[in-house]
Visitor: 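After the structure tokens below, expect a handful of questions from me.
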Amino acid sequence: MIDFQKCLVQLTDKGWFHQKNAFSQDFVKDIKQAIIERNLVKAGIGQSKVVHSDIRNDSIFWIEPEDPSSAIQKYLHFLKKLQVNLNQSLFLGIQNFEVHLAQYQKGGFYKPHYDNFQGKNNRVVTIITYLNENWNQEDGGLLRLHHQGEIVDIQPEAGSLAMFISEDILHEVSESYKTRQSITGWFLRQN
Ligand code: OGA
Ligand code: NI
């Protein structure tokens with residue numbers, strides 16, 4: 001589980017939060033199994049969801065509330081609790097969330113972007129849990145955050161979690177030299 005106090009302090013002070021071992025390796029295995037069983041499709045960009053493989057080339061699967069995987073249900077429950085906590089503590093006015101499974105193949109990347117560029121959509125907080133066992137420096141696939149002249153590189157290690165304020169943090173995924181998997185979600189407010 002996550003250190004919620006630290007999460008609040010860091011989101012407020014820096015706009016991002018990272019915690020290793022937020023989820024168990026058993027949980028990671030179960031979500032990875034769900035990825036195998038689902039049919040992921042090439043991800044698009046913006047409202048129109050047009051595929052731009054020069055900007056991002058991952059594949060995704062949007063999770064429905066009634067997904068049959070118990071690990072996914074556990075994750076949805078975790079997000080619901082976190083939504084309540086964030087609203088009570090930071091008054092973010094989150095009303096909902098959306099979440100997808102994501103997979104980058106070898107050679108995968110996502111160029112620098114904002115998940116919510118100047119309020120153009122309703123994403124408030126981005127939350128990513130990584131599913132990659134035995135990830136090494138030379139495997140690439142880093143989440144790179146850019147904020148106030150600072151660059152932070154996060155390894156997509158199994159069970160680790162990254163969170164950031166969607167409209168404040170420019171970020172990218174550096175080229176991955178191995179298959180790289182995650183479960184990625186956004187807390188939403190009404191536009
Ligand atoms: C995204 C994104 C980062 C990551 O899906 O918008 O930036 O580390 N993902 O997978
Ligand atoms: Ni992003």
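Remember, it's 1-based here, ligands and their atoms both numbered in the order they're listed. Along the sequence shown, residues carry numbers from 1.
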Visitor: Among Ile127, Val125, Ile169, find the one that has a side-chain contact (heavy atoms from CB on, under 4.5 Å) with Phe164.
Guide: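 By the side-chain contact (heavy atoms from CB on, under 4.5 Å) criterion, Phe164 pairs with just one of Ile127, Val125, Ile169: Ile169.
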
Visitor: Tell me if the centroids of the rings in Phe78 and Phe23 come within less than 6.0 Å of each other.
Guide: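 They qualify: ring centres under 6.0 Å apart.
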
Visitor: Within 45° of the six-membered ring axis of Phe109 and under 6.0 Å from that ring's centre, is NZ or CZ of Lys111 located there?
Guide: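 Flagged: Lys111 positioned over aromatic ring of Phe109.
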
Visitor: Would you call Glu150-Lys14 a salt bridge at under 4.0 Å N-O?
Guide: no

Visitor: Could you check which N/O/S atom of Asp115 is closest to the Ni ion (ligand 2)?
Guide: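 This residue's closest N, O or S atom turns out to be OD1.
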
Visitor: Please report whether the ring centroid of His146 lies less than 6.0 Å from that of Trp16.
Guide: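 No, the ring of Trp16 stays outside the 6.0 Å limit from the ring of His146, centre to centre.
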
Visitor: What are the distances between nitrogen or oxygen atoms of ligand 1 and protein nitrogen or oxygen atoms, counting only those under 3.5 Å?
Guide:
from     : atom 1 : to     : atom 2 : distance (Å)
ligand 1 : 6 (O)  : His113 : NE2    : 3.2
ligand 1 : 6 (O)  : Asp115 : OD1    : 3.0
ligand 1 : 7 (O)  : His113 : NE2    : 3.1
ligand 1 : 7 (O)  : His171 : NE2    : 2.8
ligand 1 : 8 (O)  : Tyr130 : OH     : 2.6
ligand 1 : 8 (O)  : Arg180 : NH2    : 2.8
ligand 1 : 10 (O) : Arg180 : NH1    : 2.9

Visitor: Kindly give the heavy-atom pair with the smallest separation between Gln10 and His18, and that separation in Å.
Guide: OE1-N, 4.4 Å

Visitor: Rounded to the nearest 10°, what angle sits at the Ni ion (ligand 2) between NE2 of His171 and NE2 of His113?
Guide: 90°

Visitor: Is it true that, when you exclude Asp13 itself, more than 12 heavy atoms of the residues, nucleotides or ligands shown sit nearer than 6.0 Å to its CG?
Guide: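 Counting neighbours around CG of Asp13, more than 12 heavy atoms of other residues, nucleotides or ligands fall under 6.0 Å, so yes.
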
